[in-house]
Amino acid sequence: MSDLIVTRRSRIHGNGVFAAANIKKGTRLIQYKGQLRTHKEVDRVYGDETETGHTFLFTLNDTYVIDANVHGNDARWINHSCDPNCEAEHVEDEDEDPARDAIFIDALRDIAEGEELTYNYGIVLDEAHTPQMKKLWACHCGSKKCTGTMLQPKRPKKK
């Protein structure tokens, strides 16, 4: 891990990642790492688990998911925020090999030493956003812009 970030307990949720020094906008902070799994394999491995609203699975592309439950690094501890200071950037492999794509966490703005790093998880569900689902995926970021859920608004269906 770089000298720019440190992991410790978070007021948002469980562990969090914090700036260990002032960070400039655009700084690449960490790669999101873990075991590469197909979507089908993720469904097989985690399909029977009761939804907890907590996951270390990051969709890499149409073929693969990064499972940070296995061989994950500290990027898995970066919490969601409705007003994030970081973003997840998908970098496609030059040779178009989906297994070699990567996810990096970059600073969206200048970040002060001690500030918790966050990004918008962008969780999109096919099923209805029921009160139970919103509670399951509740957001506790504390931002004035907080929507109360990590779920993204449904997009209107194309006609």
Subject >> Working for side-chain contact (heavy atoms from CB on, under 4.5 Å), residues Leu29 and Leu4 >> reply: CA-CA 7 Å; Leu29 299 167; Leu4 292 177; 4.2 Å; yes
Original post:
Under 3.5 Å, is there a donor-acceptor pair between the side chain of His90 and the main chain of Leu60?
Top reply: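 Flag set: sc His90 to bb Leu60 pair under 3.5 Å.
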**OP:** Could you tell me whether a side-chain N or O of Asn79 sits under 3.5 Å from a main-chain N or O of Ile12, the two making a donor and an acceptor?
**Re:**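 Checked: no pair found.
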Subject >> From CA spacing to verdict: side-chain contact (heavy atoms from CB on, under 4.5 Å), Lys40, Asp43 >> reply: CA-CA 5 Å; Lys40 187 175 182 178; Asp43 290 344; 5.6 Å; no
Atom pair [atom1] ([X]) and [atom2] ([Y]), whose distance is rounded to the nearest 0.5 Å:
{"X": "Leu36", "Y": "Arg100", "atom1": "CG", "atom2": "CZ", "value": "12.0 Å"}
{"X": "Glu41", "Y": "Tyr64", "atom1": "CD", "atom2": "OH", "value": "10.0 Å"}
{"X": "Ile123", "Y": "Thr149", "atom1": "CD1", "atom2": "OG1", "value": "7.5 Å"}
{"X": "Glu113", "Y": "Asn22", "atom1": "CD", "atom2": "CG", "value": "6.0 Å"}
{"X": "Glu127", "Y": "Leu125", "atom1": "CD", "atom2": "CG", "value": "4.5 Å"}
{"X": "Arg76", "Y": "Asn69", "atom1": "CZ", "atom2": "CG", "value": "7.5 Å"}

What are the two closest non-hydrogen atoms of [X] and [Y], and how far apart are they?
{"X": "Ile105", "Y": "Cys86", "answer": "CG2-CB, 3.8 Å"}
{"X": "Lys24", "Y": "Ala107", "answer": "O-CB, 3.6 Å"}
{"X": "Ala19", "Y": "Ala112", "answer": "CB-O, 3.4 Å"}
{"X": "Cys82", "Y": "Cys139", "answer": "SG-SG, 3.7 Å"}
{"X": "Ala75", "Y": "Gln31", "answer": "CB-O, 3.7 Å"}
{"X": "Tyr32", "Y": "Tyr119", "answer": "CE1-OH, 4.0 Å"}

Original post:
Angle class for the His80/Tyr121 ring planes (parallel below 30°, perpendicular above 60°, tilted otherwise)?
Top reply: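 Perpendicular: the ring planes of His80 and Tyr121 meet at over 60°.
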Subject >> Over 12 foreign heavy atoms within 6.0 Å of CG, Asp62 >> reply: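 No, because the 6.0 Å sphere around CG of Asp62 holds 12 heavy atoms or fewer from other groups.
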Original post:
Can you hop from Val65 to Val45 via hydrophobic side chains spaced under 4.5 Å?
Top reply: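 Shared cluster, yes.
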Original post:
Is there a chain of hydrophobic side chains (I, L, V, M, F, W, Y, each step under 4.5 Å between heavy atoms) that links Ile78 to Phe56?
Top reply: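 Same cluster: Ile78 reaches Phe56 through Ile, Leu, Val, Met, Phe, Trp or Tyr contacts under 4.5 Å.
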Subject >> salt bridge (Lys or Arg N to Asp or Glu O under 4.0 Å) contacts in which one or both residues fall within residues 128-148, not counting sequence neighbours >> reply: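 Of all non-adjacent pairs touching residues 128-148, those that pass salt bridge (Lys or Arg N to Asp or Glu O under 4.0 Å) are Asp83-Lys145.
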**OP:** Scan residues 101-112 for pairs that pass salt bridge (Lys or Arg N to Asp or Glu O under 4.0 Å), counting only residues two or more places apart or in two chains.
**Re:**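 Qualifying pairs: Arg28-Asp106, Arg109-Glu115.
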**OP:** Check the side chains of Asn120 and Gln152 for a donor-acceptor pair under 3.5 angstrom, ignoring hydrogens and angles.
**Re:**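 Result is yes, a qualifying pair exists.
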**OP:** Could you check Ile5, Asn15, Leu117 and say which one makes a side-chain contact (heavy atoms from CB on, under 4.5 Å) with Trp77?
**Re:**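 Of all the options given, the one that passes is Asn15.
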**OP:** Tell me, with the steps shown, if Val70 and Arg37 meet side-chain contact (heavy atoms from CB on, under 4.5 Å).
**Re:** CA-CA 10 Å; Val70 183; Arg37 296 183 185 266; 3.7 Å; yes
**OP:** Begin with the C-alpha distance, continue with both residues' side-chain angles, and end with the deciding distance and a verdict on side-chain contact (heavy atoms from CB on, under 4.5 Å) for Ile66 and Lys33.
**Re:** CA-CA 7 Å; Ile66 301 169; Lys33 292 188 176 182; 5.7 Å; no
Original post:
Does a side-chain heavy-atom distance below 4.5 Å link Asn85 with Ile23?
Top reply: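 A side-chain contact under 4.5 Å is absent here.
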